[in-house]
Amino acid sequence: MLPWVQHRWTSLWLVVAALGSLCLFLYGFFPLKYHSGNLAHMDDLPNFIEGVSIDGHEVYNPGQNTVILMVIDGLRYDFVTEEYMPFTGEIIKNKSACIYVSVAEPPTVTMPRIKSPERKKEKAQWRRTINFWRDIFAMMTGSVSTFADVALNFGAPAVQGDSVLRVAKSRGLRTILYGDDTWLRLFPGLWTETDGTTSFFVTDYTEVDNNVTRHLDKVLTPDDKNKPNFDFLVLHYLGLDHIGHLEGARSPKIKPKLIEMDEVIKKIYYAMQQWDSVGTLIVCGDHGMRDAGGHGGASPSEVLVPLVVIRSKDFKCPYPSGPGPTVSQVDVAPTISWLLNCPLPGDSVGVILPSLMPRDVRQNLYLLHVQASQIAKLISTDTEMYKQYKRAANQFANYLSTGHESAAKIAKEFYEESLHGMAQHFTETTTEFDMFAIIIATVCLYLITISLLCIALYSLQRDQKTNIIPHHHHRSNASTMVAFAVIYTIISSVMVTTCFITETKSQFCSFKPLWCVAFMAMAMTITAVYFIIKNCIENIKDLTSLRSLNAIDYLLIIGTLFHAWSFFGTSFIEEEHMTWYFLWNTLMLVVLLKTIAVIVIYVGKKWSGSTEVQDKPDLEYRMCAVGIIIVPQWIMLIALHRYLRTMNQTGDRWLFLPDTADWLNAPENSFYLELHCIIGTFLTFMICMVNLKHMNNIMQMHSALTVVGFGCVLTYRMATGSITSLITKSIDPVIIVNIFWGILISQFIFEIVSYIGVSKFSNKFGYIKPKEKSEVPFYVDPWCVDDVKLNLANSLSHIMYNDMMMIIVLLMRPHNVIMVPSIHLTCKLTSVCLDHRLLDSRVKKTEIADLLSKTLVHLWIGMLFFFYQGNSNSLASVDLGSGYVGLREYSAVRVALRMGLHAYAGPALAGASLFCLLSSHSNNWQQYLNSVWRVINIFALQRVYQLVIYCVISVIFRHHLFVWTVFSPKLLYDFVATVFSVQSLSTIGQIVLITHSTSWLARLCTRK
Amino acid sequence: MFSLNNNVELRRVTISSLITCIYLPSIITVISYKGLLYSVGNASSCYVLFLIFVAELMKSFYLNSNNDLQNKRKTSKTTPSDIAKATIFLIAAMFSFFIGIILFGAPVLEYHEETLMLSTVLTLLTLFPLIAHTGVESAVQLLFGVRSFSRDTIIAMLVNNALLTVCGAWLGAVVIPLDWNTPWQKWPIPCYLGAIGGYLISNVLTVTKVTMMSEAAKYPIFKLGINIINRLHISK
């Protein structure tokens, strides 16, 4: 199995395996909930109970009802007392209102602090929408939502399935919203009348509520027939939460605010008395608040919220005074639906609040039957609760035909039991993770990390050839196969046994055909990993190359290791960019100090007498590569990074501070914006032209193509209006972009063709050595395949790099175009400064240490620019606009590719630059392959290491309140990053493959 | 790094470190007791800087004092031009700290006062004792690593103090992004306190080390402690 370890692309396969494990992990972590998607109708109401007929419509009808749902943000349970809310407390005391405890799942809400420009408000809006999503979704659809609902609705957070508002609209009822406009985003087009308030500013706690209350007088006044002019009214008050955020739950402002809320309740209560129809007011909070203000913990004061039910007529709370029974948020949906005489929403799994259930036995039983039958559709028929439901239905039919009171009693008991069981079943299945799959995936990831670590260490040994022990080659294949089969059998049987011992309900252990394949693949991966680890451990003998690591290498390694662990703090996930900026600044400072020290020593020696410099030729050698100019260059680079850092504010807490991008995008500064755009494009153009020197022949051709390509980019900018011009407004951007693609492809084809030797241009490199050079009389092999391969790989890497830069310049926002040349500059300067021969006094063989530090530093640069560009670990920061560059209509694959390349522009460019560096610094083909091998191993190791740590963290924090807003999006980002790593590693593989096939083709074409 | 040979210097190092261990915590305690701890970033807290300045000056007088009889080398008299040079150098150093801090990510357009206070305290704790002890020229030479300082106990201690101060300020920045929303997360309080903490820790380490060294003969276990502290010290 040793060849595996030595094989160049093993780490690529391991990353693919890691991606597979990650998919399994995500499957376990984000349970895809079954949404039936069916929309409820009145005709669905059953007219027969076990063969006994009943008039569904007539029995179901609750009479003329008007419902008001009043959501008070941040209303915690102990606020609803006579002390804080005198009126409400009193009516609860005299039983004309009923209080329940409901357990909320508080979201994380972050409020912007100062006035922010429009584009940031969109981000904030998205975040808020996600925050309210869970509560509003539960209250309006009656079903619990999962993160998959949010992620799949990406960009358009409207509720797709059935909801109270949908059924109300289908019944032609008037629905009104006054309050937070998140409701409008979730249920667009379903309201009759709305007045959405945007509540961005936490400091505003009077105006947001006045905006809601100002309509009350008008809307509560009944019309001529003494009927209110609405059927369902939603009031959403945010002021209380804002005070909580600002000053905490003990603030003196809380009490007046609660009294104001109490006044509103009182007003509604007395208005409802005047109506002919029965009014129902449901007051609830969506989450509580900490004493210190804010929310986001799991303490009782944050998660316990009151749910108060007030009816205008004919209502007496059946419970003894006290805290009241516990209900769940999903119960609100069926309650409101029923009161409005609408069918229960299609996916609802809640039950009607017991105190509102009619006292008429027949209607009561019928309602229980309707709810139970709706939920029973979703569960299998052989469960106990389903049988219970059937028994209850029989008893109900019995009651209907005979009229025995005892049958009704039994039916009611049975129905309630079965409903209780079903509700429990649903909360278990929708909120529980598939722990078995998660743990298996994490273990597998862990093993892959270990094996990658082993491979990376193995590859960092100095000379590979000496390590191959000859008898390994002679070992017969058959015995290897047998060993593999034995270990495979053992591992799969262990896994099967674990499945049965843990009695897990996981799909992974369901042994359905598809899952069997996954199961076997997993066992196969673990077996392969086992062999790799075993072989590596046996063969790692000489790690002396790691002794030449210097302080900067250790900083890079420790920084990379530490960064993965920093995710244990949620703030460090939200503000991940801070970690990178911090690490990068430290690195730059250390490099600066080291470089200055070297230069000062050099200058000092030179000053004090040149003889000493001659004594130390290595110092001279070290210096001549860079010169003193490096120090001011490096300082300029630090300044450049400081500037780029201000370009886009990202993360969460400081997102709303004004940044340079805001300033540039202001209409009065459009000149500077254009300047940024043009300078960025021009510099990229220069870099591309310089890179052309690595390409074969037809320089003129390539230069011409590059010039035309950049012409296209500029024309595109003019056509889209980011650069003002008079002439080109009329050109269709799509055509320009298509021409652009054509140029890139033709450039690539030219290069290949020139290497094959078909073209008759003067090639710089060719397979046949030019005759005038081989003047040596004896026979020379005309084939210098390896040299040409190296050159081809070199020019292909550079073409890839150039093309990528051009595409990214095209995709970037105008103010971000400057990032592209900055990445190149940073990569170039760092690879000069991080050279071990420059910084370390002892000059030894440092290629391996160089490779290690360069790989890590390019990874850092990639991540750094990822955040400079304005990305963050929140789904809100994904730039959707870049996906549609040069596209006329939506095409999922193309849009996704563009968005991906745009978002990961930094890592992609830094990686491409690294591979260009490798190819241009290698002396021969073998060295190139070896260095690529080492780099790939380190790259893969870093990726999977970060992944496994993050997976462990998300498992540990799976019940954390931020799991939706912080942990899950980061998990998706990690998933995409892994996909891109696979892609980038396979690109290098493809380059090597193309090199081989080109040399084969060339042989075919030129050997005549 | 420290040798027991030069007992006089060792005693001075110990005593000056002890003084630091006493006066810095006292200042911090007093201002936090007065409720002024979170206003260290404002110009109104200049008196803290002044106190540190005076204390460091006294310490350097003590370190430079020539009271031992064996070592009667003639020290150059401090001339006004020396003081002027030192002042200019310190101000230049302060501004380079200022620019460095901004390059490191402090706000560019606002909070200049706070950044300036931080850079002043960094200058006071790192470069000022060095200059007061050795003079501008040697300090510059030390800074650029032209001259080796490994034989001089006092300078070794001062350089260690300076390095740990900068490290403390650097580590202080870690808490800024956390979402605890506490008043002490405001710029530049974590870095300011981090710098003072680093300086303090360095002095505490020095005292501990000297104590251990003097007792190492009796209790061999202290040698381990000395080794650990030696490792902690960042040597150039």
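All chains are named by letter (A, B, ...) in the order of the sequence lines, taking the proteins before the strands, and each is independently numbered beginning at 1. As a basis for the values below, the full set of heavy atoms in this structure was taken, side chains included, without hydrogen atoms, waters or symmetry mates.
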Asker: Is it the side chain or the backbone of A/Y581 that comes within 4.5 Å of chain B heavy atoms, both, or neither?
Answerer: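 Looking at A/Y581, nothing touches chain B.
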Asker: Check the surroundings of atom CZ in A/F568: do more than 12 heavy atoms from other residues, nucleotides or ligands lie under 6.0 Å from it?
Answerer: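 Counting neighbours around CZ of A/F568, more than 12 heavy atoms of other residues, nucleotides or ligands fall under 6.0 Å, so yes.
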Asker: For chain B, which candidate among A/T579, A/T570, A/T586, A/L589 shows the most heavy-atom pairs at distances under 4.5 Å?
Answerer: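 Of A/T579, A/T570, A/T586, A/L589, A/T586 has the most heavy-atom pairs under 4.5 Å with chain B.
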Asker: I need the contact set between residues 169-176 of chain B and chain A: heavy-atom distance under 4.5 Å, sorted by residue number.
Answerer: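 Checking residues 169-176 of chain B against chain A gives B/W170, B/A173, B/V174, B/I176.
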Asker: Atom CH2 of residue position A/W565 - does it have more than 12 heavy atoms of other residues, nucleotides or ligands inside 6.0 Å?
Answerer: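 It does not: A/W565 CH2 has 12 such atoms or fewer within range.
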Asker: Using non-hydrogen atoms and a limit below 4.5 Å, what part of residues 96-112 of chain B faces chain A?
Answerer: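 Only B/I102, B/L103, B/F104, B/G105, B/A106, B/P107, B/V108 of residues 96-112 of chain B have a heavy atom under 4.5 Å from chain A.
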